[in-house]
Amino acid sequence: MRGKKFGDLALDGGIYLILIALGLITLLPFANVLSKSVSVEWAIVSGKVGIFPVGFQLDTMQFVITSEQFLRSLFNSVLIVVIGTVASLLITALTAYPLSKRELPGMGIVIVLFIFTMMFNGGIVPNYLLIRQLGLIDDLGALIWPALISVFNLLIIKSYFESLPPSLEESAKIEGARNYTILFRIILPLSGPVLATIGLFYAVYYWNDYFNPMLYINSMSLKPLQLYLQDIVINADTSSALNGSTDNLMNVPPEGVRSATVIASTIPIVLVYPFLQKYFNKGVLIGSVKG
Amino acid sequence: MRKSSRFVIAMVMASLMVMLLAACSSNNNGENASGAASPAGSAVSSEAGSPAASPEDKPSLKRLGVWQDQDYNAYPVAKMLEEKTGYKVQYDMLPQDWTEKLNLLMASGESYDLVSMFSDMALYSDYAQKGALIDLTPLIDQYGPNIKAAISQQSIDALKVDGKLYAIPTSVTYDINSSILIRTDWLEKVGLQMPTTTDELVAVLKAFKEKDPGGNGDQNVALTGKGDQAMFDNIVGAFGMPNTWNEVDGQLVPRLMDPAYKDYVAFVADLYKQGLLDREYVANKDATAKEKFNSGKAGAIIVHWADIPTISDALTKNVPDAKFAFVPALKGPAGKAGFSSNAGFDRLTIIPKASKHPEDAIKWINASLEPETFKNLAIGEEGKHYTAENDAYTPILPAFNDERNLANNFMSGADEQSYPLYWQARVRKNPVMFEAFDTLNNKQPDEVKIQNVLGLAPYMQQYSKSNQQLEAMVTDYTVKLIAGAEDLSGLEAFQAKYKAAGEEASAKEVNDWYANK
């Protein structure tokens, strides 16, 4: 009896160890870039930097995070993420709420129209022409307004709303609440987990988006962080036929600078996750409907 | 209820599809119509151009340039050019990953007056053939005396598409890219001279391997390379194939079809077999190969001279008394030697059809090519940005770096006579790099600089279409031969496959042009 228990324990321990080791392996590339960002350049290009830094120094990191262009890009990205996420959540929730009311006439068709846009779109050039007609070229708005509603996220919120017990609304109506009051005072406060999840989706989307800024943003002062990062990282790829110009070869930023830029632009979004964690833990309908 | 709503959905979907298709086709019509209308439009405007040429009437121009890490508009060169040319220019730039955005801007008819891009001949020819660009010949005749003086007829001919010129080029500024970089302190230690023939090279590499002058033990590598490079510069020239296509009996022949291909492969495969070429050569990436040389574990590597500053910094930190130099042209068994010598263009400047001021764009380019202005643009002011001694221009740092380092991005065409000399000031920013550059480009005799004639060939459809794929095939196959995964007995079969994959059509096209050059 005892022996068996011990065997189980050992097995569990072994599995845990293996899984932890596997989990740590996924951190290796990150650790490598991190240690490159704080190592001296000659050690990096000599292949001496692995998981641990060689010749620890913070000058590269300081150079990167105090450069004017980096700070401006970071500011732009934060602005886009904050405005974009808040606006997207609001508009998506406002759209999802009526769509969750199956009994309203024509809702089925409206949903199909939304889904249609998931599968078909106009393509790059028509989109560009549209954005230009709207006067949004070289404007941060071009990165936010067209992306306000992601239909996928809309459907998730919609089905969450549908899962809320109808008795909540009924009792609110009996108390004399109007539709807006019901949405903002009852439905949304109960939707913390889904809003946090979708909010995170939106925030990550806005943060990671480099393609739209590449198309619509021309001024350096309006470039978000991902575009800045892409320019730096691609630039270093001297073997790429894209930029076969020798003057580019002579102006390649050092590997250390690139690593530091990657780290500096990853950390802010990683920091967001712990802050949203508490919403995921809370139960869905704590104490709203009894019985 | 359910059934009927499904039917409604189907109807809505169908009608939306129809609308979408209609929108697409009307879009196409629109493009065709504008394409047909614009040649007439440009003809009218170039006629109207001459009376409007009063000096006061200078519109503001919009110029799109390649990516750089600083704002064009705030860079000192922008102000200098505005003063000298009298034109106010608003500069935009492409992202680093530029082709997609440029295609988008061209397709949507964004009204840039000038677009300066890297020399992508396929893209350029595509724009020209689709009627997206303005024919520059009449404009240059009328407004471009400096442009005419700066650009050679040879370059103009190479850029003609269907007999018309649509771009002003910045030609390449130097001949030779890369060679074998060798540790000269290792040479001293093993008591050998700088190799001058392929046999001597083998002897040197053998000594590197056996005597281990770097004290690296079993990590010692004589010559390292990367797995995506099958043709080793300098060595491949010693077998008479410095370029991707070389002349054999008056015809241009790609390396794989070259009679010398077998000899070259046998030579390099032998290096590999003897362990003189890095055992991990096939798996090496560019960075791994450099790491081996930088850390002092490899005695020789093939690199571009622009890589020298990084290599030099790292190597001297790892091995303080390390010295290195490029190996000059090696003589092969048949007495041949040579490097591929660059020909063609670094940048192209085009004027899109959508430009609102094509004449002024040409006038601006012309003004920027006025010799004094151009010199100021290229290297700045004497005493402030550079010092001159005969024809050697040395940059004054940091003024040159701060105010002229990115100046080449502002050029729309360059003087083919003077610019290569001005340009060397950029290489002189780093003395170690300049020494390496000088060995390859200024100290090598002219007969080993074998021009890559295809660099100046006009756009050739078959060649452009299949060239990249064919090159990849050859690299892949050659690496396998070198590493012993394939055998030379299969060469004929592979050559047949290669011909069928597009070489035959390309070779006909290339040689039709070459015969009438």
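A, B, ... follow the sequence lines: proteins, then strands. Residue 1 opens every chain.
Neither the backbone nor the side chain of B:Lys292 comes within contact range of chain A; no heavy atom of the residue lies under 4.5 Å from a heavy atom of that chain. Interface residue B:Leu105: only side-chain heavy atoms are found under 4.5 Å from chain A. The part of B:Gln68 that comes within reach of chain A is its backbone (N, CA, C, O), which places non-hydrogen atoms under 4.5 angstrom from that chain. Contact of A:Tyr210 with chain B is not made at all, since no heavy-atom distance falls under 4.5 Å. Neither the backbone nor the side chain of B:Asn103 comes within contact range of chain A, judged by heavy atoms closer than 4.5 Å.
Residue A:Lys101 places its NZ atom among more than 12 non-hydrogen atoms of other residues, nucleotides or ligands, all under 6.0 Å distant.
Considering all non-hydrogen atoms of both residues, B:Asn294 and A:Val45 come closest at ND2-O, 2.8 Å. When every heavy atom of B:Ala314 is checked against every heavy atom of A:Ser46, the shortest pair comes out as CB-OG, 3.7 Å.
Between A:Asp231 and B:Pro95 the shortest side-chain heavy-atom distance falls below 4.5 Å. Within the 4.5 Å cutoff, side-chain heavy atoms of A:Asn218 are placed close to those of B:Lys101.
Here B:Ser108 contributes atom OG and A:Ile137 contributes atom CD1; the two are 7.5 Å apart, rounded to the nearest 0.5 Å. Distance CH2/A:Trp42 to OG/B:Ser312: 13.5 Å, rounded to 0.5 Å. Note that CG of B:Asp97 is 5.5 Å distant from CD of A:Gln230, once rounded to the nearest 0.5 Å. Remark: B:Thr310 OG1 to A:Ile44 CD1 distance equals 11.5 Å, nearest 0.5 Å. To the nearest 0.5 Å, the span separating CD on A:Gln69 from CG on B:Asp71 amounts to 8.5 Å. In this structure, CD1 in A:Ile124 is found 4.5 Å from CD in B:Glu100, a value given to the nearest 0.5 Å.
Here B:Asn318 is the residue among B:Asp92, B:Asn318, B:Asn73 with the most heavy-atom pairs under 4.5 Å with chain A.
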